[in-house]
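Encoded as C-alpha cells, the structure appears first; notes follow it.
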Number of protein chains: 2
Amino acid sequence: MRHRRIPEATVARLPLYLQALVTASDQGTETISSGGLARASGVNSAIVRKDLSHLGAFGTRGVGYRVDELVDEVSEVLGLSQDRAVVIVGIGNLGRALAAYDGFDRRGFRIVGLLDADRSKHGSELEGRVIEPVDQLEQIVRERSVTIAVLATPAEHAQQVADRLVAAGITGLLNFAPVHLDCPDHVSVRNVDLSTELQILSFYEQLAAAEPSPGAASTG
Amino acid sequence: MRHRRIPEATVARLPLYLQALVTASDQGTETISSGGLARASGVNSAIVRKDLSHLGAFGTRGVGYRVDELVDEVSEVLGLSQDRAVVIVGIGNLGRALAAYDGFDRRGFRIVGLLDADRSKHGSELEGRVIEPVDQLEQIVRERSVTIAVLATPAEHAQQVADRLVAAGITGLLNFAPVHLDCPDHVSVRNVDLSTELQILSFYEQLAAAEPSPGAASTG
DNA sequence: CTTTGTGAAATCCTTCACAGCG
DNA sequence: CGCTGTGAAGGATTTCACAAAG
C-alpha cells in the first residue's frame with residue numbers, strides 16, 4: 001500500500017515511533033516487532049502495523065522491522081531530512097526556555113531568530129543569539145527563509161503577530177499563547193496550552209473521585 | 001440529555017470553550033450563540049451544540065447561551081471549583097518557566113512544591129518558593145495532598161520519577177519529557193512534547209511543498 | 001425568524017482476526 | 001512457528017439537516 005494520504009492520526013503518532021526507534025537504535029537493537037514498538041510507544045500493535053503500512057515500510061514476517069531502516073523511512077516521511085528555519089516570537093520565561101531547548105537542532109530545526117517587542121531586551125544575548133525587535137519580523141522571515149514560527153507572546157498580541165507572520169510567508173505555527181488563532185487554511189497551527197492540559201487532567205481527577213479508573217493520553 | 005459519560009473528544013474541547021467564554025465575559029458579552037462560540041474556538045457550531053448538550057447546559061432557542069451560566073457550568077464539569085495541589089519536578093529551564101506561569105493559580109491549580117535532584121539548587125528561591133530535594137517527593141506528595149504532578153525532568157529520569165509519584169498517590173501527570181510513560185490505568189497522563197509538535201508541522205510543510213492546502217490543529 | 005437540541009448519515013479511527021510469508 | 005499486512009467489524013466523532021422552541 002505504497003504512498004500518500006497518510007491519516008492525521010497516523011501522522012500524530014509517527015514522532016512517537018521515531019522517539020522509540022531512536023532509543024532502540026541507541027541501545028543497539030537491530031530489529032523490532034510491531035508489538036515491541038507498540039509497547040515502547042504506548043499504543044496497540046495493530047495500529048503500529050497499520051500506520052507503518054501507510055508509509056509502505058515493509059517488515060519481515062516472523063522477524064519484525066529493521067530499526068535503522070524505519071528511522072530513515074519515518075524521518076523521510078516527516079520531512080526531517082531537510083532542515084527548517086524557525087523563529088521564536090516572544091522571549092519571556094517560556095520563550096527563553098524554548099530557546100534553550102536542545103531538541104530543536106537535533107532534528108533539523110534551526111533557530112534563526114529570537115524576536116521580542118520589549119525594547120529593553122533588544123541586543124541582549126540568549127543561547128548565543130541576539131534578541132531582535134519584532135518590528136523586523138517581516139524582513140527576518142523573508143531574508144532567512146523562515147517557514148515555522150513559535151509563538152510565545154502574551155495572549156493579547158498573539159493574533160496580530162500571527163497575522164504578520166502569515167503575511168510574511170510562514171506556513172507552520174506552534175502556538176503557546178492561550179487563544180485560538182484564526183489563520184488561513186494553508187497554514188498549519190498546533191496549539192500547546194498548559195492550562196488546557198491541566199483542566200483535562202482535572203476533569204479525570206474529578207471522575208476518579210467517584211468512579212473507577214478512566215485515563216487519558218494526548219498528542220505529545 | 002443530562003449527565004455523565006462525556007466523550008473524550010468533548011472533554012478536550014471544554015477548556016477551549018472556557019477560554020473563549022471568559023474572554024467574552026470580560027468584554028461584557030451576556031449571551032453567545034453556538035456559532036459565536038464555534039468561531040471563537042475554531043470548531044464547527046454543530047459540535048459546540050452537541051458538546052454542550054452532553055453537560056445538559058440549556059441554551060435559549062433563538063438567542064443562545066448565557067455566558068456567565070456557561071462559564072459556571074463548564075468550570076463545574078471540569079472540576080475547577082475545588083483547587084488542586086500541584087508539584088513540579090525538574091527545575092531546569094522549562095521547570096522554571098512553568099513555575100513562573102501565572103495560568104496555574106488562575107484556575108485553582110496551586111503549586112505546592114518545586115523539586116529537583118540537583119543538590120546545588122536546593123534551598124534557592126523561585127517565584128517565592130524554595131526548591132526542595134526530589135528525595136522528599138513521597139513526604140511532600142502525602143503531606144501536601146498533591147494530586148497532580150508536572151514532570152519536567154530529563155527524559156532518562158522521567159519514568160522512575162513517574163513511578164515514585166504514582167506510588168506516592170498522584171493520579172494526574174503532565175509530562176514534558178520526551179518519552180512514553182508507562183503508568184497504571186487509574187493515572188491520567190497528558191504529554192506535551194515540543195519536538196513531536198514540530199515534527200507534525202514539518203510533515204504538513206512537506207506536503208504543502210507539492211499539493212495545495214492541508215492544515216492541522218491540536219489539543220492545546 | 002433565529003437558534004437550539006438531536007436523530008440519522010457520513011466519516012474517521014481502532015480493533016479483531018486471520019491468511020500468508022519467511 | 002512468529003509476525004506482518006490487511007480485509008472486515010466495531011466504535012467513536014463529526015457533520016448534516018430539521019423539527020421544535022422562544
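What you are looking at is a predicted structure, and each value in this text was computed from that prediction instead of being measured. Chain identifiers are assigned alphabetically (A, B, ...) following the order of the sequence lines, protein sequences preceding nucleic acid strands; residue numbering begins at 1 within each chain.
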Rounding to a whole Å, what distance do you find between A:Arg66:CZ and D:dT4:C1'?
-> 16 Å
Roughly how many Å is it from CD in A:Glu8 to C1' in C:dT14, rounded to a whole number?
-> 16 Å
Walk me through it: do A:Ile6 and B:Phe203 pass the test side chain to side chain contact (heavy atoms under 4.5 Å, CB included)?
-> CA-CA 10 Å; A:Ile6 298 179; B:Phe203 174 84; 4.1 Å; yes
Quick one: B:Asn44 CG to C:dT6 P, roughly how many Å, whole number?
-> 17 Å
Atom pair distance, as rounded to whole Å: OH in B:Tyr65 and P in D:dA21 | 16 Å
Verify the distance criterion only: is there a donor paired with an acceptor across the side chains of B:Thr147 and B:Arg84 at less than 3.5 Å?
-> no
Output yes when at least one side-chain N/O atom of A:Thr60 is less than 4.0 Å from OP1 or OP2 of C:dG22, else no.
-> no
Expressed in angstrom and rounded to an integer, what is the separation of B:Arg61 atom CZ from D:dC18 atom P?
-> 16 Å
To the nearest Å, how far apart are B:Asp51 CG and D:dA12 P?
-> 16 Å
All heavy atoms of B:Asp116 vs all of B:Ile91, minimum pair found to be OD2-N, 2.6 Å
Quickly work out the A:Arg49 CZ to C:dA19 C1' distance and round it to whole Å.
-> 13 Å
Which sits closer to the 5' end of DNA chain C, A:Pro7 or B:Ser34, going by the nucleotide each is nearest to?
-> B:Ser34
Take atom CD1 of A:Ile32 and atom P of D:dG2, then tell me their distance rounded to the nearest Å.
-> 19 Å
Taking all non-hydrogen atoms of both residues, which atom of A:Leu78 and which atom of B:Gln199 are closest, and how far apart?
-> CD1-OE1, 3.7 Å
Assign A:Gly64 to base, sugar-phosphate, or nothing according to its heavy-atom contacts below 4.0 angstrom with the strands shown.
-> sugar-phosphate
Which comes earlier along DNA chain C counting from the 5' end, the contact point of A:Val63 or that of A:Ala46, where each point is its nearest nucleotide?
-> A:Ala46
By nearest-nucleotide position on DNA chain D, the 5'-leaning member of A:Lys50 and A:Gly62 is A:Gly62
